[in-house]
Amino acid sequence: MKPVTKPYFLLFVSIAGGIFLLGPEVILILGGKAYLDAIFILPPLIMGCVVQFVYTMYVQVEFYEKKTIGVAIGTISSAAINIVLNLIFIHAFGYRAAAYVTLIGYICLLFYHYNYVKRLGYKDIFDRKLLFGTLLILFLAMFGIMILYNYTILRYIITLVYGTVILFLIFKQKGIILSILRK
C-alpha cells in the first residue's frame, strides 16, 4: 500500500498547499468581496480535508477487515467532541471557531483510526512517517501562510516559487505519474 498511496497523498497535499497560498483569491472567486472575512476559515477547512483524506485510508482497512464497528465508534466519538467544543468555542470566539473545532475533530478521528488499524495488525500498512510528518509540516505552513495573507506581494512570490517547484517535481516524475494515470 505504501508505494500506491504515496503519490496520491503528495498530490493532495500539494493542491492543499496551493489553496492555502491562494486562499484570498479562492474566496474572492467563490464568494466575492462580501466573504473576504472567511479567508481565515479556509485554511483550517482545507487542512481538515487533508486529515480526512488520511484517516479515510485507515478506514478502508477497517472496511476490508469487516471491522465497521470501529468506524461507528470513531465517528460517534468525534461527533461528540465536535459538538462539545462547538458549544464552548463558538460562543467564545464566533463562527470561525467551528472551522478549527472541525479540524480538531478530524485529527482525533485520524488518531483513533490509526490506532484501531494498528491494533488490527496493520502497523506499517502506510508510510506513517511520511503521512504524519507531512501533516505536521502542512499544519505549521497553514499558520505561516495565514500570516502572509497580509503581505500580498510576498505571498505571490512564494506562490510562484511553490508552483515552479511543484511543476518541476511533476516533470521530473512524469513517468511515474503517467503509469499511475494509465492504470
Side-chain angles (χ1 to χ4, degrees), residues 5-60 74-75 77-79 81-83 85-86 88-90 92-114 126-170 173 177 180:
T5 56
K6 182 180 176 178
Y8 292 109
F9 172 68
L10 293 175
L11 175 65
F12 201 82
V13 167
S14 299
I15 293 168
I19 295 171
F20 285 170
L21 285 164
L22 296 172
E25 290 74 22
V26 169
I27 296 296
L28 276 171
I29 291 167
L30 296 177
K33 289 184 180 183
Y35 290 93
L36 266 181
D37 190 42
I39 61 172
F40 294 103
I41 295 173
L42 185 65
L45 290 177
I46 297 301
M47 187 70 208
C49 289
V50 176
V51 173
Q52 186 178 35
F53 179 87
V54 175
Y55 84 64
T56 302
M57 292 167 37
Y58 288 98
V59 167
Q60 294 306 314
T75 302
S77 301
S78 178
I81 290 169
N82 201 308
I83 290 168
L85 292 178
N86 272 323
I88 295 167
F89 291 107
I90 289 176
F93 299 103
Y95 70 94
R96 288 182 181 177
Y100 293 93
V101 166
T102 300
L103 175 57
I104 290 167
Y106 285 157
I107 291 170
C108 292
L109 208 47
L110 170 60
F111 283 108
Y112 169 81
H113 288 298
Y114 166 74
F126 303 113
D127 187 342
R128 67 180 185 272
K129 287 182 181 178
L130 173 75
L131 295 177
F132 292 109
T134 305
L135 285 175
L136 178 62
I137 290 167
L138 190 62
F139 187 76
L140 295 172
M142 176 185 79
F143 289 109
I145 291 168
M146 287 192 311
I147 293 169
L148 290 176
Y149 286 171
N150 296 318
Y151 304 97
T152 306
I153 301 298
L154 179 59
R155 185 170 50 85
Y156 284 168
I157 292 168
I158 292 171
T159 303
L160 183 65
V161 170
Y162 179 81
T164 303
V165 168
I166 295 298
L167 287 174
F168 173 77
L169 292 173
I170 289 170
Q173 301 296 323
I177 294 168
I180 290 170

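Values reported hereafter were calculated over all heavy atoms of this structure, with side chains retained and with hydrogens, waters and symmetry mates removed. Given the structure is predicted, the values throughout are model-derived calculations rather than measurements.
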What distance do [X] atom [atom1] and [Y] atom [atom2] have between them, rounded to the nearest 0.5 Å?
X: Y151; Y: I145; atom1: OH; atom2: CD1; result: 15.0 Å
X: L135; Y: M142; atom1: CG; atom2: CE; result: 11.5 Å
X: L22; Y: T159; atom1: CG; atom2: OG1; result: 5.0 Å
X: N86; Y: I104; atom1: CG; atom2: CD1; result: 9.5 Å
X: I157; Y: L148; atom1: CD1; atom2: CG; result: 10.5 Å
X: K6; Y: L131; atom1: NZ; atom2: CG; result: 10.5 Å

Mind listing the closest non-hydrogen atom pair of [X] and [Y] along with its distance?
X: L21; Y: R155; answer: O-NH1, 2.7 Å
X: I19; Y: Y149; answer: O-OH, 4.4 Å
X: I166; Y: S14; answer: CD1-OG, 3.7 Å
X: P24; Y: I39; answer: CA-CG2, 3.5 Å
X: A99; Y: I41; answer: CB-CG2, 3.6 Å
X: P44; Y: M146; answer: CD-SD, 4.4 Å

If we only count heavy atoms from C-beta on, is the [X] to [Y] side-chain gap below 4.5 Å?
X: F139; Y: V51; value: no
X: P43; Y: F143; value: no
X: Y156; Y: E25; value: yes
X: Y106; Y: T102; value: yes
X: L110; Y: F132; value: yes

What do the steps show when you test I88 against V101 for side-chain contact (heavy atoms from CB on, under 4.5 Å), and what is the final call? CA-CA 10 Å; I88 295 167; V101 166; over 6 Å; no
Over 12 non-hydrogen atoms of neighbours within 6.0 angstrom of OH in Y95: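 It does: Y95 OH has more than 12 such atoms within range.
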State whether the side chain of S78 and the backbone N or O of G74 hold a donor-acceptor pair below 3.5 Å, judged by distance alone.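 No, the answer is negative, given that no donor and acceptor are paired below the 3.5 Å cut-off.
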Quick check: Y100 with F93 (ring centres under 6.0 Å apart)?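 Ring-ring flag for F93/Y100: false, centres at least 6.0 Å apart.
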Ring-ring centroid check Y58 F126, cutoff 6.0 Å: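 Yes, ring centres under 6.0 Å apart.
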Kindly indicate, with the supporting measurements, whether the criterion side-chain contact (heavy atoms from CB on, under 4.5 Å) is fulfilled by V54 and F12. CA-CA 10 Å; V54 175; F12 201 82; over 6 Å; no
